[in-house]
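Predicted model only: the values in this text are computed from it and were never measured.
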Amino acid sequence: GKATQTLELKGQPGKPVVLSPGQSYSSSEYSLVWTVWTPTNLPIMNQSILYRLRNKASGTPVLENEGTWHNLALISDAGALHGKEKDEFKMDLTGLQGDAEYEVRIRAMNHQGWSQLSDPFFFKTSGKHFTLDFPLFTKHQLTSSSALSLDLATLNLIVLACLVSLPNLYAFHVH
């Protein structure tokens, strides 16, 4: 004989994990990319992206109204998906201050409820004080791409050589 069974996965989404680097190429925008696991039969329906200004490179104190949490809702659909995987998402944060550090927390919801908040994630916007940090690529970013076979040190040397030899083609402005 032959037997079949159906397995139904239940549960809230896992805790979101930010994949983006900790430095923005821009002084006023940041591309936030993250992943969140959910059971296959329980797609992500809604996400909450919380962010706030934490520090200014100039040392000027962050005023109370500047440091309040902003809450952005991401209603999930095919347009919210960033990568090939169904659990990777992207949102561009705009209107940011240059030379500043921001804190981000994310949570996701499916039909079973909300996930835990992500661990705090900090990123800096570019400016006079905060310039692009090296390495440009993290080990996770390299291992997440199956098409890339260079190691981290080699890739960063190639990128650095290009930046040194082609100073007028920077993708960002260095002060």
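The nearest pair of heavy atoms linking Ala73 to Asn46 is CB-OD1, 4.3 Å. Nearest heavy atom pair, residue Ser20 against residue Phe121, reads O-CZ, 3.4 Å. Residues Gln47 and Ile106 come closest through the heavy atom pair OE1-CG2, 4.2 Å. Among all heavy-atom pairs drawn from Pro16 and Trp34, the shortest one is CB-CD1, 4.1 Å. Taking both residues in full, the closest heavy atoms of Ala108 and Val36 are given as CB-CG2, 3.9 Å, listed atom of the first, atom of the second, then distance.
Legend: residues meeting side chain to side chain contact (heavy atoms under 4.5 Å, CB included) with Val62, ordered by chain and number and at least two apart, are Leu53, Lys56, Glu66. Scored by the side chain to side chain contact (heavy atoms under 4.5 Å, CB included) test, Arg52 finds Arg54, Trp69, Glu103 as partners (sequence neighbours excluded). Contacts of Asp92 classified as side chain to side chain contact (heavy atoms under 4.5 Å, CB included), with partners at least two apart in sequence or in another chain: Ser31, Lys90. Residues that satisfy the side chain to side chain contact (heavy atoms under 4.5 Å, CB included) test with Ser28, not counting sequence neighbours, are Ser26.
Criterion: ILVMFWY side-chain heavy atoms under 4.5 Å apart, direct or through other members. Under it, Leu74 and Leu72 are part of a common hydrophobic cluster. Cluster membership check: Val17 does not share its hydrophobic cluster with Val33, using side-chain heavy-atom separations under 4.5 Å among Ile, Leu, Val, Met, Phe, Trp and Tyr.
Classified by interplanar angle (parallel below 30°, tilted 30° to 60°, perpendicular above 60°), the ring pair Tyr102/Tyr51 is tilted.
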Worked verdict on Leu50 versus Leu117 for side-chain contact (heavy atoms from CB on, under 4.5 Å): CA-CA 10 Å; Leu50 302 155; Leu117 277 170; 3.9 Å; yes
Full working for side-chain contact (heavy atoms from CB on, under 4.5 Å) between Val18 and Leu32: CA-CA 7 Å; Val18 176; Leu32 183 64; 3.8 Å; yes
side-chain contact (heavy atoms from CB on, under 4.5 Å) between Ile44 and Met109, intermediate numbers included: CA-CA 6 Å; Ile44 301 295; Met109 183 185 82; over 6 Å; no
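The CZ atom of Phe122 sits 8.5 Å away from atom CG of Asn55, with the distance rounded to the nearest 0.5 Å. Of the inter-residue distances, the one linking Phe89 atom CZ with Leu19 atom CG reads 11.5 Å to the nearest 0.5 angstrom.
Every pair passing side-chain hydrogen bond (donor to acceptor under 3.5 Å, both in side chains) that includes a residue from residues 105-121 is listed here, sequence neighbours excluded: Lys15-Asp119, Thr38-Asn110. Listed by first then second residue, pairs satisfying salt bridge (Lys or Arg N to Asp or Glu O under 4.0 Å) with a partner in residues 32-50 number zero, not counting sequence neighbours.
Of the possible donor and acceptor atoms, none in the side chain of Thr94 sits under 3.5 Å from a partner among the backbone N and O of Glu29. Not one N or O on the side chain of Ser27 forms a donor-acceptor pair closer than 3.5 Å with the backbone of Thr125.
A donor-acceptor contact under 3.5 angstrom links the side chains of Gln23 and Ser126, judged on distance only.
By the 4.5 Å heavy-atom criterion applied to side chains, Tyr30 and Leu96 are counted as neighbours.
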